[in-house]
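The structure appears below as structure tokens.
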Amino acid sequence: MTDEKSRVHALLADGTTVSIRAAGPDDHDGVQRLYEEMSPENLRLRFFGASRRSAEQAAARLAKAALPGYRALGAEHAGCLIGIAEYEELPEAATEAFRDLPSGSRTAEVALAVADPWHHRGVGTLLLEHLISTARADGVAAFTADALAENHEVLKVFADLGLRTSRHFDGPEVRCIVRLAETDDYLSSVEERGRAADVASLRPLLRPQSVAVVGAGRRPGSVGRAVLRNLRGAGFPGRLLAVNPNADAVLGVPASPTVGSLPETPDLAVLAVPAPEIPAVAEDCGKRGVHALVVVSAGLDEGQARALLAHCRAYGMRLVGPNCLGIANPEDGTRLDATFAAAHPQPGTAGVAAQSGGVGIALLGGLARLGIGVSSFVSLGDKYDVSGNDLLQWWESDERTDLALLHLESFGNPRAFSRTARRVTRRMPILTVDAGRTDAGRRAAASHTAAAATTPLTRQALFTQAGITATRSVSELLESAALLHAQPLPTGRRVAVVTNAGGAGVLAADACAEAGLTLPPLGADLVGDLLDVLPRGATATNPVDATAAVTEDQLGGCLDRLATSEAVDAVLVALVPTAVSTATGDVLSRVLTRATARRSHTVAAVLLDQEQPVTLLSGATAAVPAYTDPQAAARALAHAAARAAWLARPPGTVPDLAGVDTPRAHTVAQAYLDRHPEGGLADPFTCAELLACYGIAQLPWAWAETEDEAVCAAERLRDGDGRVVLKAYWPGLVHKTQEDAVRLDLLGEAQVRAAYRDFDVRFGHFMTGVVIQPLAARGTELFAGVVQDEVFGPLVLFGLGGTATQLLADHAARLAPLTDHDVHDLITAPRCAPLLFGYGGSGPVDLEALEQLLLRLSRMASDLPQLAEADLNPVFARPDGVTTPDIRLRLLPRRAHDPYLRRLR
């Protein structure tokens with residue numbers, strides 16, 4: 001039977017939506033028809049001959065679908081099979097030829113066919129990507145494929161995958177060997193194909209040639225009428241259409257009673273009808289050939305939501321919403337405003353995507369006040385389809401956007417979003433509001449958009465690794481956007497504060513220090529230069545107090561010297577109105593206009609008398625952001641400095657690790673789950689085996705089930721002063737310390753016997769044994785662990801350990817797999833980090849051993865989706881190494897999920 005549960009939807013190179021699903025015996029006729037409709041030439045290239053008998057044999061192979069070692073995937077469009085990809089595992093003797101593969105790896109022979117009308121649209125490549133993901137999950141490490149040497153198209157498909165591929169020619173035939181190990185080149189190739197397909201699919205949405213508003217009412221105040229009015233008012237140059245069964249025209253736009261009766265098929269339809277009508281109207285749009293929908297209606301129930309998305313997938317329509325404000329693209333030639341906002345966005349270079357319509361309005365209004373125009377705006381709403389990831393790829397390609405502003409309450413595919421953001425943010429700043437930081441906020445987000453709850457630690461890991469500037473409010477986002485839009489990035493965190501009032505300078509200095517910036521003392525030469533241009537009584541330490549008597553020329557000279565000095569990276573000018581200068585904004589604007597072209601540092605201002613929280617003051621070469629609050633200015637500078645530091649660091653790489661046996665780890669995890677189908681806390685033997693598969697060093701240990709066995713084991717393990725530790729064990733035991741199931745510092749047989757007897761009296765009815773270990777050498781007490789987040793996947797956690805680890809919550813997290821940069825950041829992020837680098841004169845711990853521990857945990861978490869949780873607490877870090885005396889692993893029956901596989905949500 002065909003497995004409909006496996007069906008996913010994805011985009012071809014031209015933006016067409018197709019479905020990919022497992023193929024089986026039910027597809028016999030479809031596969032035979034696909035081959036029978038091939039041209040004789042394509043049939044010859046596929047089967048090395050033009051016999052129609054080949055089609056029957058190929059279709060008959062689908063009967064193997066239920067057998068192990070055979071997989072087949074089909075691509076469908078409009079219910080028709082347009083492509084098939086399949087593999088069959090090779091016998092072990094054939095696998096012996098692949099000496100470079102890991103021990104126990106399997107290989108398979110792959111075949112691919114695409115219907116003639118669908119060539120050159122990416123069907124074959126998309127099928128192969130999905131088949132590769134399936135094969136990896138099944139433990140297949142390499143594909144082989146035979147082709148005629150003249151079949152350049154199929155050879156190019158394999159060569160362009162981005163995987164390590166070799167060719168072996170034998171007369172007119174060639175054998176391709178494709179190693180399936182995931183590489184960054186492969187992920188980059190998949191990303192590039194996905195970006196091109198995504199952008200193509202969004203053109204009818206963001207650059208439509210025609211738009212229809214379904215539900216354009218005659219009643220003033222109706223949402224549909226407001227959308228139509230905005231479309232007309234923005235000057236949309238394409239064809240405007242309306243659907244209203246009770247009117248011949250709305251706002252001068254001809255109206256039709258139904259979508260099916262429209263005089264032409266629109267690229268984009270905006271749906272503003274009651275929620276119960278949405279599914280039927282969406283189906284009508286699909287049947288008519290509409291390419292994209294914006295659903296502003298809210299209140300869809302679960303059934304209506306499923307039906308809406310199903311129609312969009314079935315007919316290949318991209319969807320924004322429901323429950324959204326609409327979309328806008330004010331660029332020349334498009335002038336699209338399909339929103340019901342009160343004002344039109346002005347054209348510019350800022351891309352804006354907001355899950356909340358209200359936040360979207362606030363962002364548009366704030367950008368308009370700053371004079372920053374918009375390249376495109378999308379109110380994502382409940383985000384059934386089009387997401388922030390889609391918009392990042394559009395902005396990356398639209399040749400207009402240089403600043404991206406996001407408000408996201410949920411993440412559909414955080415790992416794909418992270419990879420996209422890492423690439424895009426090297427070209428433009430990406431700013432976001434970190435919404436849902438508290439329990440109350442997460443509950444509100446779940447109620448508002450059905451967003452899956454994620455912890456602040458998890459989201460912060462995503463933002464940090466992706467280079468995203470995460471702010472805590474809409475106002476902070478706009479404050480930072482103003483500086484990043486108008487000013488060059490600082491090369492560091494050193495700030496010079498210039499003020500005409502000492503008190504304002506103190507506030508600015510405090511704000512900078514609290515934001516993590518520094519105010520370095522200025523050198524004697526620079527101090528002398530400043531005093532030469534400032535009025536008598538000025539001080540040129542840092543802050544620089546220019547006094548209330550400073551003139552425009554003197555202020556300009558001071559700024560010129562500071563903004564070209566190597567002693568600082570940025571200048572913050574804090575001015576207050578005085579009798580000499582009552583309009584500080586005007587004064588600073590004139591100073592900036594007369595500024596020399598040599599000025600290169602980041603410059604920001606604090607004008608305590610201005611009305612708006614942030615404005616942009618025009619200068620000779622650039623605008624300068626001016627803030628009413630010193631803390632806002634300092635936060636913006638700190639965000640800019642953090643972005644500069646992120647850009648200055650080359651992209652990290654995931655290090656190769658010696659001594660890793662992934663196939664063995666899968667075997668161990670599966671063996672445990674075979675014994676415990678529901679999963680649970682792994683026993684000490686399973687934990688030890690899994691850690692050994694990843695080269696994670698463990699403190700020596702022994703298992704005992706009787707008092708005498710415990711004594712003998714303790715004797716064997718005695719080290720140094722001979723002290724040992726006894727730990728009671730039974731299935732499901734989580735916190736040994738809380739259960740008083742640990743005995744430390746046991747010296748001699750009598751103490752071991754006494755400890756065992758105590759355990760036996762208290763826990764004997766369910767205790768299955770004890771673990772004996774030598775007493776670990778003390779060190780800095782840390783915590784390292786892994787948790788599989790339902791949305792974000794595996795995260796590696798690190799921080800202060802011991803019994804108070806949860807209470808103090810001094811932890812940092814990064815998404816796995818960790819790069820070399822990620823592991824460095826993870827170690828330095830917690831507040832306890834100075835303890836690792838010799839704080840207090842104790843000397844640094846073995847940082848290399850600590851990095852290896854975290855990298856190996858990361859690899860284990862990435863390899864094993866069954867690893868729901870890993871808890872190493874405590875981890876003792878010392879100058880001579882790292883010890884992990886206590887380890888807890890939780891395994892659950894989970895199958896690998898490929899986060900980078902191209903598919904629509």
**Presence of salt bridge, R71 and E86, under 4.0 angstrom** = no

**Request:** Indicate yes or no: does R193 engage E129 in a salt bridge with an N to O separation below 4.0 Å.
**Result:** yes

**Complete:** Exactly one candidate in V273, N323, V281, I278 meets side chain to side chain contact (heavy atoms under 4.5 Å, CB included) with V295; the answer is I278

At their closest point, which heavy atom of [X] faces which heavy atom of [Y], and how far apart are they?
{"X": "L127", "Y": "A85", "value": "CB-CB, 3.9 Å"}
{"X": "V114", "Y": "H119", "value": "O-NE2, 3.1 Å"}
{"X": "A23", "Y": "I84", "value": "CB-CD1, 3.8 Å"}
{"X": "R426", "Y": "P651", "value": "NH2-N, 3.7 Å"}
{"X": "A22", "Y": "L73", "value": "CA-CD2, 3.9 Å"}
{"X": "L271", "Y": "A282", "value": "CD2-N, 4.2 Å"}

Check whether [X] reaches the backbone of [Y] with its side chain - one donor and one acceptor, N or O, closer than 3.5 Å.
{"X": "S189", "Y": "D185", "answer": "yes"}
{"X": "D27", "Y": "G74", "answer": "no"}
{"X": "T425", "Y": "G467", "answer": "yes"}
{"X": "Q304", "Y": "D301", "answer": "yes"}
{"X": "Q355", "Y": "S410", "answer": "yes"}
{"X": "N151", "Y": "L148", "answer": "no"}
{"X": "R335", "Y": "N329", "answer": "no"}
{"X": "E88", "Y": "A108", "answer": "no"}
{"X": "T134", "Y": "H130", "answer": "yes"}
{"X": "D434", "Y": "R459", "answer": "no"}

Verify whether one side chain among [X] and [Y] offers a donor that lies under 3.5 Å from an acceptor in the other.
{"X": "D337", "Y": "T339", "result": "yes"}
{"X": "S375", "Y": "E331", "result": "no"}
{"X": "Y87", "Y": "D138", "result": "yes"}
{"X": "R318", "Y": "S201", "result": "yes"}
{"X": "R7", "Y": "S19", "result": "yes"}
{"X": "D14", "Y": "T16", "result": "yes"}
{"X": "D198", "Y": "Q393", "result": "yes"}
{"X": "S397", "Y": "R195", "result": "yes"}
{"X": "D398", "Y": "T401", "result": "yes"}

Min side-chain heavy-atom separation [X]-[Y] under 4.5 Å:
{"X": "H120", "Y": "E153", "answer": "yes"}
{"X": "L112", "Y": "L131", "answer": "no"}
{"X": "E182", "Y": "Y900", "answer": "yes"}
{"X": "L205", "Y": "V320", "answer": "yes"}
{"X": "S862", "Y": "P817", "answer": "yes"}
{"X": "V18", "Y": "L12", "answer": "yes"}
{"X": "P414", "Y": "V791", "answer": "yes"}
{"X": "V294", "Y": "L268", "answer": "yes"}

**Prompt:** In this structure, are over 12 heavy atoms from other groups packed under 6.0 Å from Q209 atom CD?
**Reply:** no

**Message:** Tell me if the CD atom of E399 is crowded by more than 12 foreign heavy atoms within 6.0 Å.
**Reply:** no

**Request:** Run the numbers on S188 and E192 for side-chain contact (heavy atoms from CB on, under 4.5 Å), then give the verdict.
**Result:** CA-CA 6 Å; S188 297; E192 178 55 29; over 6 Å; no

Please round to the nearest 0.5 Å and tell me the distance separating atom [atom1] of [X] and atom [atom2] of [Y].
{"X": "Y384", "Y": "L309", "atom1": "OH", "atom2": "CG", "answer": "8.5 Å"}
{"X": "I468", "Y": "L406", "atom1": "CD1", "atom2": "CG", "answer": "7.0 Å"}
{"X": "I20", "Y": "L126", "atom1": "CD1", "atom2": "CG", "answer": "4.5 Å"}
{"X": "F463", "Y": "I430", "atom1": "CZ", "atom2": "CD1", "answer": "11.0 Å"}
{"X": "L262", "Y": "E264", "atom1": "CG", "atom2": "CD", "answer": "8.5 Å"}
{"X": "T125", "Y": "D160", "atom1": "OG1", "atom2": "CG", "answer": "7.5 Å"}

**Item:** Results of salt bridge (charged side-chain N to carboxylate O under 4.0 Å, His left out) for R313 - residues two or more places apart only
**Value:** D385

**Item:** Residues N42, L45; criterion side-chain contact (heavy atoms from CB on, under 4.5 Å); working and verdict
**Value:** CA-CA 5 Å; N42 285 332; L45 291 174; 4.2 Å; yes

**Message:** Evaluate R203 against W394 for side-chain contact (heavy atoms from CB on, under 4.5 Å), listing each step before the verdict.
**Reply:** CA-CA 9 Å; R203 286 194 185 100; W394 174 266; 3.9 Å; yes

**Request:** Kindly say whether the aromatic ring centers of F47 and Y35 come within a distance under 6.0 Å.
**Result:** yes

**Request:** Could you please spell out the steps behind the side-chain contact (heavy atoms from CB on, under 4.5 Å) verdict for L300 and D382?
**Result:** CA-CA 10 Å; L300 279 69; D382 290 346; over 6 Å; no

**Request:** Examine R415 relative to F792 and say whether NZ or CZ is less than 6.0 Å from the centre of the six-membered ring and inside a 45° cone about the ring axis.
**Result:** no

**Request:** List in chain and number order the residues that pass side-chain hydrogen bond (donor to acceptor under 3.5 Å, both in side chains) with R288, two or more places apart in sequence or in another chain; answer none if no residue qualifies.
**Result:** T265

